[in-house]
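These notes are about the structure you will find just below.
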Amino acid sequence: MDEDGPVSESDALRSLAAGGGESEAERAEALRAGAIADLIAERLNAEASGTRIGTLALFNDSVSFGGGFNTNGGPGPSARLGATDSVLLTEDEITEYTDLYVQPERYDEALDALCERHLLVLTGAPGSGRTAAAVNLLAEALTLNSASDGGCHRLLDAASIASATWEPPAERGGSLAVLDGHLAGLSSRGLARAAAKLRAAGAHLVLVGGQELEVVVSGLGDDVAWHRLSPVDPLAVLEHAVLGHSGDADRRAELVALLDSSGAAAALRERPLAAHAVRLASVIRAGGDLEAAVTELRDPSDQVYTWFRMHHEPETVAFALAVAVLENSGYLTVADAAIRLRLILSPEEAAPPDVRFRDRLLQEQPWIELLFPGPGEQPGPPRVRFRSALLSQVVLTYAWTTLDGRREAVLQWLRQLLGHSDLEVRAQAAVASGVLARADFHFAVHRFMKSWAGSTSWPVRQAAATAIGVAGSAPTAAEPVWELLHTWARGGHSAYERRLASTAATAVGGLFGRSSPDRALDVLRSALDRGDDWGTLTPVAWGGVHLIHQGLTTEVLSAYLEWSRPRDTSPLVLKTLSAFVFAVSTPYTSSVAGGTVPERAVDGVPLLLSAMPHHRSDLAALWGRALARKPVQEPAFEALRGWVDISTDVYPEARSSLRTLMHDIARLPGKHRERLHWWLTKWATDRERPSAHAGDLARALEV
């Protein structure tokens, strides 16, 4: 049906009888993907309710960075920075780090390594409490060494320790150096030389850093100890910081209740860094506005803005975007998608890149977690998700609107995912495309949506319909989306314009149309009322079925009655009755329908049959019109035979409902009684497929 000019009535009816121009398997998969996408979009809309997600204004406000990914969980450097190569920490500074400190797992191993080797490389994510751990380790190491009297120093130029001229700041003292992103000149040989100087001076040094430092020290021998900092429970950190050494059960119960009621407990589950726990604890101790602090901590725009300022590497950005699109998918699915995007973002390489996302999560992606099956759950691979439900939308929006040089790569990657063999991946990619479109709908329409909507591929058109619905669910984009769909529905008769009208009909049959059924039905009518062009009949018929399956039976039947009111053989009347016959022929399938199950829905039974008692008069009128008009008459009687043959094992109420329906149709003006009786008798006496129920109904009409 891709030829230019109107599609004929006979071709359209044959296509509708076959379920559409696509293969049954292709359409079934596309419909399933659309249902999954609607569920995902519905969840995203609920999670984003009351937020500014999806708008450019999200990143136009002032953004603070104090609680982002770049805090080390303790007091900042002294004001004396720059005066010398190092500064001596005061007793008050050391006490602030060490008082009420919560030790992470394997802390004693790190302490033993520092005491034995004198140089300890301590790695962990910024904000994980790395600096606090380093100060505590140094304080204990100096205490254990009774001859230590050199104090504890903070080195101002961490990379200088690997130079040949570097010397410890003081004999029998301790030193702390934080090294993030400044690794030029740092080598295993230089670190080994520094360790030897520390041992000779009876001094100790803890070198703190992240993923880059791990790469440097991973090949070191026994001269330098390396310890990866284990995560610490942020709630335990907060509790110690607020309650001190008090074991008062009542105070602890009050604190737990406060953390739950304010959302602080949930915020620390989303951002489980020690630095955030310390910050909230300081607010509680000062009697500040805890709810405001929690709101600031959970603000997704702050997290996203800060993270993207720190991370520019293709593999890091690719994994974050892959999780944003495929959240809650298995790790391997997400990792493979991230590699695809990474290859688009960076030049091709001779061999596949050796990228190990899982090893880098804690350091580079603290907002992402691997969720393993719990006790009693079905064993399976870990699933990947953001710790905050709001982050995926903000990550996508930020990347689309800010990473200008990578917009083409992101779009190319999403288009690839729309052809993925996993239909859930296709559904998630379609939803993600809709999230991108919310940022600037006009741009999205002309950049990718219109080309997708006019594609010759049915799955791509389904994806475009999903993306349009997701974009339209944002209040700022709703009106432009409706205007666009009406324009497409009323468009011309070329093959391309017909596909645009078909996509519009598909879009309003989903989540977007359910929210405004009157406007959705107006689009369906426009797409249907195209004179002698029957090419949009199938998508309009499917759109009506989807709205019915979403609980809008009354609205759809009322529209069909209105559109077929002339009772003549005009194209609109015949198309409308054909759409009705398609609806009564299509069984309800919960796995495809998605969303809330309509009242009285029965899997495998057309919803208009199981819901008939609630729509008795409308159904009788539409059945009467369909059974009386050619060329709809023949498929209408085939559909009625399907109702008559419904197994009572599947739907026991079918017998009484059909008896009522036959009498209602027979009472309509005209020759309905005679026509029904003739067909029922024919079915009852069919030699190849006799129907006992048809005979019972025929006899009932004789009374």
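FYI, side chains are in, hydrogens and waters are out, and symmetry mates aren't considered; it's all heavy atoms of this structure. Worth saying up front: this structure is predicted, and the values here are computed from it rather than measured.
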Side-chain donor-acceptor distances from residues 691-703 under 3.5 Å, at least two apart:
from	atom 1	to	atom 2	distance (Å)
S691	OG	D645	OD1	3.2
S691	OG	A694	N	3.1
H693	ND1	V644	O	3.0
D696	OD1	R699	NH2	2.5
E702	OE2	H677	NE2	2.7

Distance-only donor-acceptor pairs under 3.5 Å for side chains of residues 623-634, two or more places apart:
from	atom 1	to	atom 2	distance (Å)
R625	NH1	L561	O	2.9
R625	NH1	S564	O	3.4
R625	NH1	S564	OG	2.7
R629	NE	R567	O	3.2
R629	NH1	R625	O	3.3
R629	NH2	R567	O	2.5
Q633	NE2	L627	O	2.8

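Nearest heavy atom pair, residue F386 against residue E327, reads N-OE2, 2.8 Å. Between I548 and T553, the closest heavy-atom pair is CG2-OG1, 3.5 Å. Nearest heavy-atom pair across V460 and W452 is CG1-O, 3.7 Å. Across all their heavy atoms, R426 and L418 have their closest contact at CD-O, 2.8 Å. Considering every non-hydrogen atom in both S610 and R600, the closest pair reads O-NE, 2.8 Å. Considering every non-hydrogen atom in both I468 and A507, the closest pair reads CG2-CB, 4.5 Å.
No side-chain heavy atom of V584 sits less than 4.5 Å from a side-chain heavy atom of P606. Counting heavy atoms from C-beta outward, E497 and D533 have side chains that stay 4.5 Å or more apart. Annotation: side chain of W413 is in contact with side chain of V325 (closest heavy-atom distance under 4.5 Å). Contact of the D618 side chain with the Y560 side chain is not registered, since no non-hydrogen atoms from C-beta on lie closer than 4.5 Å. L607 places a side-chain heavy atom less than 4.5 Å from the side chain of H549. At a threshold of 4.5 Å between non-hydrogen side-chain atoms, the residues M449 and F441 count as touching. Proximity of L537 to L13: side-chain heavy atoms (C-beta onward) are separated by under 4.5 Å at one or more points. Counting heavy atoms from C-beta outward, Q428 and H420 have side chains that stay 4.5 Å or more apart.
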Check: Checking side-chain contact (heavy atoms from CB on, under 4.5 Å) for the pair L640/L676: CA distance, chi angles, key distance, verdict?
Finding: CA-CA 10 Å; L640 187 61; L676 276 177; 3.7 Å; yes
Next item on the list: Walk me through it: do R14 and D11 pass the test salt bridge (charged side-chain N to carboxylate O under 4.0 Å, His left out)?
Entry: CA-CA 5 Å; R14 280 196 300 270; D11 287 344; 2.3 Å; yes
Next item on the list: Any chance you could lay out the side-chain contact (heavy atoms from CB on, under 4.5 Å) test for L436 and R447, step after step, and finish with the verdict?
Entry: CA-CA 11 Å; L436 301 185; R447 184 64 185 83; over 6 Å; no
Next item on the list: In sequence, state the C-alpha distance, the side-chain angles, and the governing distance for W678 and K682, and then conclude on side-chain contact (heavy atoms from CB on, under 4.5 Å).
Entry: CA-CA 6 Å; W678 189 89; K682 176 179 171 62; 3.6 Å; yes
Next item on the list: Verify side-chain contact (heavy atoms from CB on, under 4.5 Å) between L547 and L521, making sure each step is shown before the conclusion.
Entry: CA-CA 9 Å; L547 291 176; L521 288 163; 4.2 Å; yes
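Here ring pair (Phe, Tyr, Trp, His ring centres under 6.0 Å) pairs that include residues 465-492, with residues two or more places apart or in two chains, are W482-F512. Judged as a side chain to side chain donor-acceptor pair (under 3.5 Å), the pairs with a partner in residues 656-668 (not counting sequence neighbours) are, in order, R616-D664, D664-R667. For the side chain to side chain donor-acceptor pair (under 3.5 Å) condition, the pairs that include at least one residue of residues 569-587, sequence neighbours left out, are D568-S570.
The distance from the OG1 atom of T506 to the CG atom of L485 is 10.5 Å, given to the nearest 0.5 Å.
Side chain of Q462 to main chain of W458: no donor-acceptor pair is present (N/O by atom type, distance under 3.5 Å, no hydrogens or angles). Under a 3.5 Å cut-off, the side chain of Q416 and the backbone N or O of A337 do not form any donor-acceptor pair. The main-chain N or O of A527 is found under 3.5 Å from a side-chain atom of T536 such that the two form a donor-acceptor pair.
Cation-pi geometry between R407 and W400 is satisfied (NZ or CZ under 6.0 Å from the ring centre, within 45° of the ring normal).
Ionic pairing of E555 and R514 is not present here: no N-O contact between side-chain nitrogen and carboxylate oxygen is shorter than 4.0 angstrom.
Using cut-offs of 30° and 60° on the angle between ring planes, the pair F637 and W683 is perpendicular.
Counted by atom type alone, R438 and S473 present one or more donor-acceptor pairs between their side chains at under 3.5 Å.
For H442, the ring-ring contact (aromatic ring centres under 6.0 Å, His included) partners are H446, not counting sequence neighbours.
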